[in-house]
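Next up is a structure, given as structure tokens.
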Amino acid sequence: MDAQWAPPPGPPPGPNPRATSLGSLCALPDVIISEGILAGLSAQDLLTLSTASKLFFAFCRDDKLWRRLCLEKWGRSKSPTSGAPVSIVFKGSWRLTLLFPFTISDPAVDAQFRRAQAALQYTPSTMPGEVYSPHLYAKWYRSRLDLSQFVPEAGANVTVHGSLHRVKMSDLRGGEHFRIAYERHGIPLMIEPDENVLAWDAMRKWTVEYLAGKYSDVFFKVGNEYGNPRNINMSFGDYIHYMHHQQDDSPLYVFDEQFAHRAPDLADAYSTPSIFEQDYLSVLGESGRPDYRWLVIGPMRSGASWHIDPLGTSAWNTLIVGRKRWMLYPPQIMPPGGSLPLSTLSWYMDVYPHLPADMRPIEIVQNPGETIFVPAGWPHAVLNLDPVNIAVTQNWMGDGNARRCLQEIYGSRVKTYHALREHLVPVVPKMEPLFDEFEEHLKKRGVAVGDGVNAESDVMLVAACDDGNDAMSDHGHFDEHDQPREPVDAIWLGRIQTAFQASVDASLVVDPAHISQRITSGQNHVYYHHPLRSYIKFLTVTKSPAHERAHHEVSALTRVASSGDAELIDRTQVYVASGELDGDDGTRMPYIISRECGANYNDAMDLAATVDDHLSNRPFPVGNFGRLSWTHYVDWPAFVPWLADTVSRLHALPPPSPPSQSISSSSPSPSFTEIIRDRLASAPSRHRVWRYFPAAMLDTMADYIARNPVDDRVWCTGLVHGDVTPGNILGLMYPTGPASAADDAGDAGNTDDADDADVEFKWRPLYLIDFGDALSPANDGTDPLLDIVSIHLTLFRCDKTRLAEFLDAYDSRWRTRLGGASGAEGGRRGLANRLMVYALSWEYETMVREMTRWLFGGAAGVAGTWIPDGIAADDGVGMWEWLADTVFGLDL
């Protein structure tokens with residue numbers, strides 16, 4: 001059965017009621033109004049807005065809005081006396097639960113509750129006929145959809161991507177056969193229960209009534225996917241009450257990795273199936289290993305959206321009660337729409353029906369007692385089909401996924417990697433050569449084994465450590481230059497040829513072998529034509545209108561090309577041509593063609609010909625290093641002066657000339673100050689949606705901005721790039737250290753492994769790209785401090801020592817110029833506040849996310865937990881001034 005639903009009858013005849021009900025907001029889609037605007041409002045704002053019109057009344061009754069408010073306010077409540085967690089008691093709707101979050105024992109409060117309950121009897125189907133919103137209706141429909149018959153078509157377990165078959169445990173003939181025949185080759189399985197699984201206490205006893213009776217007062221971690229906080233406090237008894245009374249389209253679910261500590265006898269009620277018993281991470285002990293087992297409980301419509309299991313591990317999942325619909329893709333395929341913030345049910349309704357047969361996932365229904373094996377690296381999603389679904393799941397590292405696990409563990413948990421080597425090699429000696437091989441690859445990449453790494457795994461590191469020949473290798477989707485291999489389909493090849501013929505050479509025939517997808521910029525498509533040394537960028541869905549961004553980029557590249565600054569031209573790409581093609585939705589899609597050139601390009605080609613075993617012969621973004629510490633890769637003594645000089649040259653460009661007319665643009669252009677003030681006017685609402693800051697700071701953001709106004713003072717008439725971030729600086733890996741000097745003396749052509757081990761490679765920059773966010777107003781100057789914000793937060797990761805080095809290289813007079821007449825302390829405070837205000841003006845969340853990640857160790861996942869107690873007691877504006885000084889404060 002496919003996910004099919006019919007929208008409500010069309011809007012009533014006559015004038016469009018949206019125009020009178022929503023005012024100027026009627027131009028926006030319902031999803032933007034609901035998820036983008038109303039989701040940032042407070043409870044009082046929603047109540048007030050609901051009185052404005054019948055359609056706003058319907059929007060503001062959307063229970064998902066009230067769930068967000070309720071869980072943000074009460075989801076992690078603690079007793080004021082004991083400090084113990086206090087559980088939310090669901091009242092049938094989240095609006096009621098926000099008003100009455102806990103157990104009601106007072107008769108007067110109970111009377112108030114019942115009056116409120118009677119007043120909130122509402123569904124979209126009972127609204128007056130003039131209220132029409134397919135978006136609200138779809139949410140209501142999903143929340144009431146019966147999934148008991150929502151099973152895949154026969155044969156869905158076999159697709160062009162692979163298959164997932166049911167087998168008997170006895171057919172696997174033990175763990176060694178399973179690891180060789182299935183795990184090592186990444187073949188998923190659904191395994192029918194044997195007598196050992198059927199004998200588990202969990203299989204015999206675990207009903208929801210049994211668990212509720214025994215663990216009613218035990219608090220478990222309850223997941224709140226795509227919400228904030230991501231998990232909440234709830235006792236098991238109160239969760240079961242919620243599960244039976246909720247009508248959420250994406251219900252809360254128990255997903256607890258600490259269940260064995262909260263209720264130890266739960267872990268004793270089952271055992272690991274024998275074929276999965278090999279788990280090398282177990283040598284680290286319960287306290288030293290990463291989280292590896294979970295208790296999973298959820299109602300119909302709950303589940304897990306598209307994801308890949310962490311740290312390169314494989315997983316098994318045994319279902320105790322209920323049924324689950326599983327969908328999987330092999331590692332080389334990204335699930336269509338899988339990166340969108342959609343629940344699994346929403347994905348099934350909004351994406352799945354539109355997939356051609358050859359792009360549908362492998363699907364299968366899991367029944368009670370069955371165990372699914374999900375190989376490492378396989379994207380998968382799960383949807384619960386029955387009113388109650390209970391499962392246990394574990395992740396592990398074994399022979400079949402060892403190589404991938406080492407790569408990903410080193411990339412995100414370097415201390416765990418070294419502990420694993422220390423404890424595993426003595427008991428499993430055959431693993432020592434694999435560790436040695438992996439570390440040899442690290443040395444060739446210029447990574448000093450043993451250095452700290454502080455974030456997620458790196459796709460380039462993974463690719464570099466994978467020779468693609470071993471049966472355990474599972475990253476064959478990277479090419480020989482460590483670039484993701486993205487096949488160029490016929491539609492885009494046709495567009496590339498049409499654009500080149502229209503703008504460069506009418507007789508040009510594009511050979512598919514000459515095209516590769518080199519860089520992706522958000523959802524834009526960027527391709528590289530090798531013989532022409534040219535990039536073609538198609539602007540599709542972006543942060544702001546595609547035509548506006550295209551106009552900015554063309555204007556900036558044209559301005560650089562006409563500047564006469566040969567060094568700056570070498571460090572950017574030369575503008576060739578631009579135009580428009582028909583897009584998928586009937587609109588005009590802009591494209592821009594640019595070209596590599598100059599001494600930088602020629603030097604890079606000479607270097608690549610000499611040591612091409614170590615680097616791509618095409619520049620790649622520093623952002624390709626993922627979130628690993630760039631100390632391992634970047635040649636900072638070369639990078640910081642290069643960046644300072646490049647940015648200062650941009651800022652020193654002469655006033656702009658009239659823009660190119662090859663791509664339409666809006667006119668007249670606002671001033672720099674007007675642009676920033678406009679962004680700041682909407683900043684508080686954006687930040688309420690992103691929720692990186694606590695309520696006290698969000699409530700005073702507008703006041704803080706007003707106290708630190710963006711005035712008309714500017715430093716330059718030049719060009720502000722607007723997005724100097726890791727993805728927009730291209731470079732290459734260069735040999736450094738004594739070994740490279742020996743190469744220069746006459747052995748540069750020798751790339752034997754014996755010599756390579758002594759050569760250290762560091763990434764150095766060549767190009768600054770992507771001027772789609774460039775600010776170059778013709779009627780006033782610009783403030784270069786805007787670029788310094790993105791450089792400090794995303795490239796320097798809030799390292800103020802590096803920022804000071806950059807500013808010294810940018811302009812040796814910066815301390816005097818920024819100090820102003822108010823003295824050193826006043827100048828420090830003024831500079832910090834100005835930079836913070838610019839950071840708040842960003843139209844997307846990159847800046848605040850990076851600020852809180854690198855300065856506070858990622859603690860910003862819980863808004864405000866990174867604020868010291870003394871500061872947290874201050875007023876909101878005081879918190880902003882403290883944060884500004886902490887992030888940007890420099891001695892002048």
Side-chain angles (χ1 to χ4, degrees), residues 76 78-79 82-89 169 191 193-223 231-244 251-279 281-299 302 304 309 313 315-324 366-372 382 384 386-396:
R76 290 185 172 176
K78 294 185 178 181
S79 167
S82 66
V86 178
S87 180
I88 289 176
V89 179
M169 185 73 75
I191 305 167
D194 63 1
E195 63 277 7
N196 294 320
V197 172
L198 294 176
W200 289 355
D201 281 350
M203 293 298 302
R204 295 186 297 107
K205 296 181 179 179
W206 282 13
T207 64
V208 71
E209 294 77 16
Y210 170 83
L211 296 175
K214 191 169 184 180
Y215 306 105
S216 179
D217 296 328
V218 177
F219 278 74
F220 289 95
K221 181 186 288 187
V222 175
N231 53 78
I232 66 169
N233 301 328
M234 194 174 276
S235 69
F236 192 71
D238 288 330
Y239 176 75
I240 296 302
H241 171 80
Y242 160 80
M243 189 167 66
H244 288 321
L252 305 177
Y253 58 96
V254 172
F255 194 77
D256 195 334
E257 74 281 6
Q258 298 296 322
F259 74 95
H261 300 286
R262 307 181 201 278
D265 50 339
L266 285 176
D268 297 334
Y270 73 95
S271 59
T272 301
S274 59
I275 62 171
F276 305 123
E277 285 181 342
Q278 184 190 68
D279 184 0
L281 292 173
S282 64
V283 300
L284 299 175
E286 289 293 318
S287 60
R289 67 178 301 167
D291 296 331
Y292 72 102
R293 59 182 175 182
W294 289 264
L295 173 68
V296 188
I297 303 175
S302 64
D309 285 337
T313 56
W316 62 264
N317 179 300
T318 299
L319 186 61
I320 310 299
V321 175
R323 290 175 306 143
K324 293 177 180 286
Q366 181 184 21
N367 298 306
E370 292 183 330
T371 300
I372 189 171
V382 191
N384 289 321
D386 285 355
V388 176
N389 305 270
I390 305 173
V392 290
T393 184
Q394 290 191 188
N395 289 52
W396 82 92

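These figures come from a predicted structure and were not determined experimentally.
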Atom pair CH2 (Trp316) and CD1 (Ile191), whose distance is rounded to the nearest 0.5 Å: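 Nearest 0.5 Å value for the CH2-CD1 distance: 10.5 Å.
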Minimum side-chain heavy-atom gap Met169-Pro273 below 4.5 Å: yes
Heavy-atom closest pair, residues Met203 and Pro368: CE-C, 4.4 Å
Minimal non-hydrogen separation, Gly298 against Met243, with atom names: C-SD, 3.8 Å
4.5 Å side-chain heavy-atom contact, Val296 and Ile390: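 No, every pair of side-chain atoms sits at 4.5 Å or beyond.
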Where Tyr270 and Val392 come nearest, the two heavy atoms and their spacing: CE2-CG1, 3.9 Å
Between CE on residue Met234 and CD1 on residue Ile240, distance to nearest 0.5 Å: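 Here the interatomic distance stands at 10.5 Å.
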Derivation and outcome, side chain to side chain contact (heavy atoms under 4.5 Å, CB included), residues Asn384 and Tyr253: CA-CA 10 Å; Asn384 289 321; Tyr253 58 96; 5.8 Å; no
Sub-6.0 Å ring centroid separation between Phe276 and Trp396: yes
Val382 and Asn317: CA distance, side-chain angles, deciding distance, side chain to side chain contact (heavy atoms under 4.5 Å, CB included) verdict: CA-CA 11 Å; Val382 191; Asn317 179 300; over 6 Å; no
Side-chain donor-acceptor contact under 3.5 Å, Ser87 with Asn233: no
Pairwise distance CD1(Ile297) to CG(Asp256) - rounded to 0.5 angstrom: 9.0 Å
Interatomic spacing from OG in Ser274 to CG in Asn196 - rounded to 0.5 Å: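 Separation between the atoms: 7.0 Å.
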Arg204 side, atom CZ; Ile320 side, atom CD1 - distance, nearest 0.5 Å: 12.0 Å
OG1-CD1 distance between Thr318 and Ile372, expressed to the nearest 0.5 angstrom: 10.5 Å
Pairing of Arg289 and Asp279 as salt bridge, 4.0 angstrom limit: yes
Shortest non-hydrogen separation from Ala269 to Trp200 and the atoms involved: O-CB, 3.5 Å
Asp238 side-chain N/O to Ser235 backbone N/O, donor-acceptor pair under 3.5 Å: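 No.
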Exercise: identify the closest heavy-atom pair between Gly322 and Asn389: CA-OD1, 3.5 Å
Stepwise salt bridge (Lys or Arg N to Asp or Glu O under 4.0 Å) check, Asp265 with Lys214: CA-CA 11 Å; Asp265 50 339; Lys214 191 169 184 180; 2.9 Å; yes
Note, Pro387 side chain near Pro299 side chain (heavy atom, < 4.5 Å):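 The answer is no, as the side chains (C-beta and beyond) never meet within the 4.5 Å cut-off.
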Glu370 and Val197: CA distance, side-chain angles, deciding distance, side chain to side chain contact (heavy atoms under 4.5 Å, CB included) verdict: CA-CA 9 Å; Glu370 292 183 330; Val197 172; over 6 Å; no
Trace of the side chain to side chain contact (heavy atoms under 4.5 Å, CB included) decision for Val218 with Phe259: CA-CA 10 Å; Val218 177; Phe259 74 95; over 6 Å; no
Nearest non-hydrogen partners of Glu286 and Tyr292, listed with the distance: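 Glu286 and Tyr292 have their closest heavy atoms at OE2-OH, 2.6 Å.
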Under-4.0 Å salt bridge between Glu257 and Arg262: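 No.
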CA sep, side-chain torsions, deciding dist, call: Tyr215, Phe236, ring-ring contact (aromatic ring centres under 6.0 Å, His included): CA-CA 6 Å; Tyr215 306 105; Phe236 192 71; 7.1 Å; no
Between Asn395 and Arg293: side-chain donor-acceptor atoms closer than 3.5 Å: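 Absent: no donor and acceptor within the cut-off.
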Close side-chain approach of Leu295 to Leu266, heavy-atom, < 4.5 Å: yes
